[in-house]
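Okay, so here's the structure we're looking at.
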Amino acid sequence: MPNRSTFVTLASLVLDPSASIPLYRQLYSALRAAILAGRLKAGARLPATRALAAEFGISRNTVMNAYAQLLAEGYVEGEVGSGTYVARTLPDELLHARASATHAPQQTQAGRMLSRRGALLGEARVATPRFPGELKAFRPGVPALDAFPYELWARLVARRWRRPQRSLLGYGDPAGYRPLREAIATYLGEARAVRCEAEQVIVVAGSQQALDLTARLLLDEGDAAWIEDPGYLGARGAFLGAGATLVPVPVDGEGLDVAAGKARNPEARLIYVSPSHQYPYGVTMSLPRRLALLEWASRAGAWVLEDDYDSEYRYAGRPLAALQGLDSEGRVIYLGTFSKVLFPALRLGYMVVPPDLVAVFAAARALVDRHSPTLDQAALADFIADGHFARHIRRMRALYAERQAILVEATTHELAGALDVSPAEAGMHLVGWLREGVNDVDASRQAATHGVEAPPLSLYSLEPPRRGGLLLGYTAVAEKEIREGVRRLAKALRTLRPRA
Ligand SMILES: Cc1ncc(COP(=O)(O)O)c(C=O)c1O
């Protein structure tokens, strides 16, 4: 039974049936604010949907929708219909958000109204580095900035700037600089078996922009979107910003569990997947799953958004070709980025869209920010055409394999019993599994106090992960820092006890 204080807290909620914001959304926002402000305490049981509906004179469906959204975002646990409780572990970022959640989320701190989209974007969780500005072990997703060929890059950029073609200094094609689109199409065809013409390639400001554009163009408010759980926060935030209803779909050893997705919501408009190297678990989606996903998408008339963010880094085994290459119906939108091969601050990525979507994506891109800087695109096209891109990938593959081996060796030695770390065939990070019962948010916080950055798996999870884990990026820092990071992590984890 919910205790009296839960009812007292909820009795003060005000819902306005005449407002343009749907009632379920108002209820969701009010409950979320109460949780973040600590007025609804961790573990508190929410009233039964029927009781709350009766209390407010609203339909039970409204309450169920609000609870479902809270569940999807990790604010509550349990099953809608058989007991819903405030989540016991609110990930750090939620706790940090507490200060700003004491006022209604649709308003700014000064009480001014935001658009619905603005309110939704403001609510989305964004992963921020623990140590901004400092590159510490084990920041995931950042390439070896100590091994980039800066001199060479500077030469290529300077060559473009010294005598710039006038035609490259005006407004460019919103879909991107043509020679770069051609180079990307050739690379993707050869390296990833992506089937596309250069016309289908749209250069974007990193894959985050591709996620945003896709959400704007293909999702309406209330549409269901399947997302991997745990999964990439950048995708989650973009879909939430579009007002989509997130459907967390579990991931197992074969990748996204298509059957579980179908059971949870058979009518999704869009599915987000990272089949080459699932973020953050790191599994590769099996071929039967890929086929099942495409078959389901075809039946449901859904779009598939394939995020191929770090497929360049495979150290063993044969890479599976991109999902896009298996698609015969033009349902897959393919995303890639230069953030992981060159560096994130370049803000260049690409998407491959079916031919009938090219014009609308290019038009949207033009309206958002016109296009990416043309001379950077030209320098990158030169980098690829002159063979430096392929050479750099080969060098980084060898370096990252080495760094991963150092991390595995050091953790096996220093962290045995506290953190299980196994080698992986691909990617830029490993998942270190904690002992049963050890809370990963506690572990991550403890690691931070020892100067180590190791985000908890639950940060990326809507439903509690099957076991707590820490993400350990191994590409960004050199051997000495990896070893030092492992020593510090061992010290940090030594003090942690499983929760009762
Ligand atoms: C799953 C995933 N997709 C995409 C990206 C790349 O983002 P961007 O291209 O916007 O830098 C990342 C980077 O962390 C990622 O982890």
Side-chain angles (χ1 to χ4, degrees), residues 93 124-130 132 135 138-145 148 176 180 184 188 192 201-215 225-239 241 249 251 255-256 270-285 304-313 322-324 333-352 365 368-369 372-373 376-377 380 396 400 424 426-431 453-457 459-462 471-476:
E93 274 56 21
R125 194 185 302 170
V126 180
T128 46
R130 276 273 186 192
L135 208 48
F138 300 97
R139 165 96 49 92
V142 176
L145 301 178
F148 186 74
L180 179 59
I184 291 170
L188 292 179
R192 304 293 304 126
V201 175
I202 298 183
V203 176
V204 283
S207 40
Q208 191 58 42
Q209 184 172 51
L211 289 164
D212 176 59
L213 290 175
T214 305
W226 286 10
I227 49 157
E228 297 165 328
D229 190 31
Y232 182 46
L233 290 179
R236 209 201 286 179
F239 305 151
V249 179
V251 175
L256 179 103
L270 183 143
I271 306 140
Y272 167 83
V273 268
S274 46
S276 305
H277 184 243
Q278 199 274 334
Y279 193 86
Y281 277 162
V283 293
T284 301
M285 194 178 206
V304 177
L305 195 48
E306 175 178 19
D307 187 351
D308 212 20
Y309 64 104
D310 71 355
S311 59
E312 288 81 9
Y313 301 124
L323 187 62
Q324 193 268 7
I333 293 166
Y334 176 92
L335 314 185
T337 181
F338 291 105
S339 293
K340 312 295 171 188
V341 178
L342 281 85
F343 46 92
L346 186 62
R347 303 316 302 141
L348 285 175
Y350 45 87
M351 57 194 310
V352 176
R365 176 76 209 266
V368 170
D369 63 344
S372 296
D376 285 351
Q377 295 187 64
L380 178 54
M396 290 308 100
Y400 296 167
M428 302 170 76
H429 72 265
L430 297 174
V431 176
E453 183 162 343
L457 260 187
L459 172 64
Y460 307 92
S461 308
L462 290 170
L471 259 67
L472 305 174
Y474 53 80
T475 54

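Order of appearance sets the numbers: ligands from 1, and atoms from 1 within every ligand. A quick note: this is a predicted structure, and the numbers were derived from the prediction, not measured.
Side-chain atoms of Gln209 and Arg365, non-hydrogen and from C-beta on, do get closer than 4.5 Å to each other.
Under a 4.0 angstrom heavy-atom cut-off, Arg347 registers as being in contact with ligand 1. The closest approach between Ser207 and ligand 1 falls below 4.0 Å for a heavy atom of the residue.
Using cut-offs of 30° and 60° for the angle between ring planes, the His277 and Tyr309 rings count as tilted.
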Pair Thr284-Gln278, side chain to side chain donor-acceptor pair (under 3.5 Å): steps then yes or no: CA-CA 6 Å; Thr284 301; Gln278 199 274 334; over 6 Å; no
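The Thr337 neighbourhood of ligand 1 comprises atoms 8 (P), 9 (O), with distances under 4.0 Å to a heavy atom of that residue. Those atoms of ligand 1 that come under 4.0 Å of a heavy atom in Gly206, given as number and element, are 9 (O), 10 (O). In the vicinity of Ser339, heavy-atom distances shorter than 4.0 Å reach the ligand 1 atoms 8 (P), 9 (O), 11 (O). Within the listing of ligand 1, atoms 1 (C), 2 (C), 3 (N), 4 (C) sit less than 4.0 angstrom from a heavy atom of Asp307. Counting atoms of ligand 1 from 1 in the listed order, those under 4.0 Å from a heavy atom of Tyr279 are 1 (C), 16 (O). Atoms of ligand 1 lying under 4.0 Å from at least one heavy atom of Gln208, given by number and element, are 10 (O).
Under the 6.0 Å cut-off for aromatic ring centres, Phe343 and Phe338 do not qualify, their centroids lying 6.0 Å or more apart.
Smallest separation of non-hydrogen atoms from Leu348 and Thr337: O-OG1, 3.9 Å.
When only non-hydrogen protein atoms are considered, atom 14 (O) of ligand 1 lies nearest to Lys340 NZ, 2.7 Å. Nearest protein heavy-atom neighbour of atom 12 (C) of ligand 1: Tyr232 OH, 3.4 Å.
No donor-acceptor pair under 3.5 Å is formed between the side chain of Tyr281 and the backbone N or O of Gly255.
Exactly one of Lys340, Met428, Arg139 qualifies for a side chain to side chain contact (heavy atoms under 4.5 Å, CB included) with Thr475. That residue is Met428.
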